[in-house]
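Just passing along the structure, written as structure tokens.
Order of listing sets the numbers, starting from 1, for every ligand and every atom in it. Throughout, residue positions are numbered sequentially from 1 according to the sequence presented. All values reported here derive from a predicted model rather than from experimental measurement.
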Amino acid sequence: MSFDIVKRYEHNPILTPDDMPAPCCAVYNSGVVKTPEGEYIMASRFEEPNKTQCIWVSRSKDGINFVPDAEPVKIVCKPEEEEEFNEIVYLNGNKGSLIGSWFDPRINPVGDEYYITYCVGGDYGCRIAIGKTKDFKTIEHVSFPMHVLNRNAVLFPEKINGEYWMLHRPQNAASTSGGFIWIASTKDWEYWGNCKVVAKPEQYWENTKIGPAAPPIKTEKGWLIVYHGVFPNCNGINYGCGVMMLDLEKPWKVIGRCPDPILYVKEPYEMIGQVPNVIFPGAVIPEDDGTVKIYYGGADYVQCLATAKLDDLINACIPR
Ligand code: BMA
């Protein structure tokens, strides 16, 4: 059943390197938000031909046709934070030369603010960064919430039990099979704790690792989350997209889960790109008509779109 509840947009991909106003070899793995005014804002992982990466925003009225901004997002921090920031995001020897990497941005509406979670990859390895934005032109650095070797952070849209919560994926879990979904909380955006394992791979298709994909959606049944799962191929990896339900009050508790992937590699734009066989979801946007738009990166190369009925995703999560 779960195999046909998601429909790909027939004119995928919706954003490609050719659409960008600057030399680009890949634009993908985007986070998306729909503002109260009805504008869709997409923050994408943008790669220059020389492999420098940045976050590039595009905007749309219909969630399908996106127009990129003229330039990438600027990430700024307070003068007293600059040394730490540069140390973490730039590669040694290239400090100040802008050869840093920031990638896989997620747009998280929390209360009436927009938080951007993304990965940075400097000398010490991959680390989560949190920033805040009002205009999606500038991101103000907030913090590096977790230790290194951590990625895929998404934030819950409201406080639960008086705290803010984040799903994330430590890179080296205590298992040869890699990554699990974890949760952490904070009272002040500065100090994070309460780290707990939320979910581990259970099925063959997600055997290598699983990681959070889009910020959780609040439903009557619980927090709906989509996640990516990875299967080891003999020539590499094969990504799929899964769905599970977390308890509204205890968001570290899985109360339902779909055993099958709701989206798995099928189309050429998911098989052929910089990294073949990758579906990397980054946003689920609920619409007034009961459908959701699911945004995902295809083959680490282009940006794609699919749709589903919210109820079908909810019902796909078999209660436990
Ligand atoms: C992950 C991240 C993603 C990427 C995926 C497949 O580790 O780097 O950005 O889409 O690998 O290459």
- Message: ring pair (Phe, Tyr, Trp, His ring centres under 6.0 Å), that's the test. Do Tyr239 and Phe280 meet it? Break it down for me.
- Response: CA-CA 7 Å; Tyr239 275 68; Phe280 205 76; 5.8 Å; yes

- Query: Which heavy atom of Glu81 sits nearest a heavy atom of Val142, and at what distance?
  - Reply: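 That would be OE2-O, 4.4 Å.
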
- Query: Hey, which residues fall under 4.0 Å of ligand 1 on heavy atoms?
  - Reply: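 Contacting ligand 1 under 4.0 Å are Asn29, Arg45, Asp104, Arg151, Tyr239, Val275, Val278, Phe280, Asp300.
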
- Short question: side chain of Thr138, backbone of Lys74 - any donor-acceptor pair under 3.5 Å?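 Checked: no pair found.
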
- Message: Could you check whether any side-chain heavy atom of Pro13 comes within less than 4.5 Å of a side-chain heavy atom of Tyr28, counting everything from C-beta outward?
- Response: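 Side-chain contact under 4.5 Å: no.
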
- Item | Other residues, nucleotides, ligands: >12 heavy atoms within 6.0 Å of Glu140 CD |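 No, not enclosed.
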
- Query: Below 6.0 angstrom between ring centroids: does that apply to Phe156 and Trp223?
  - Reply: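 Phe156 vs Trp223: aromatic centres under 6.0 Å.
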
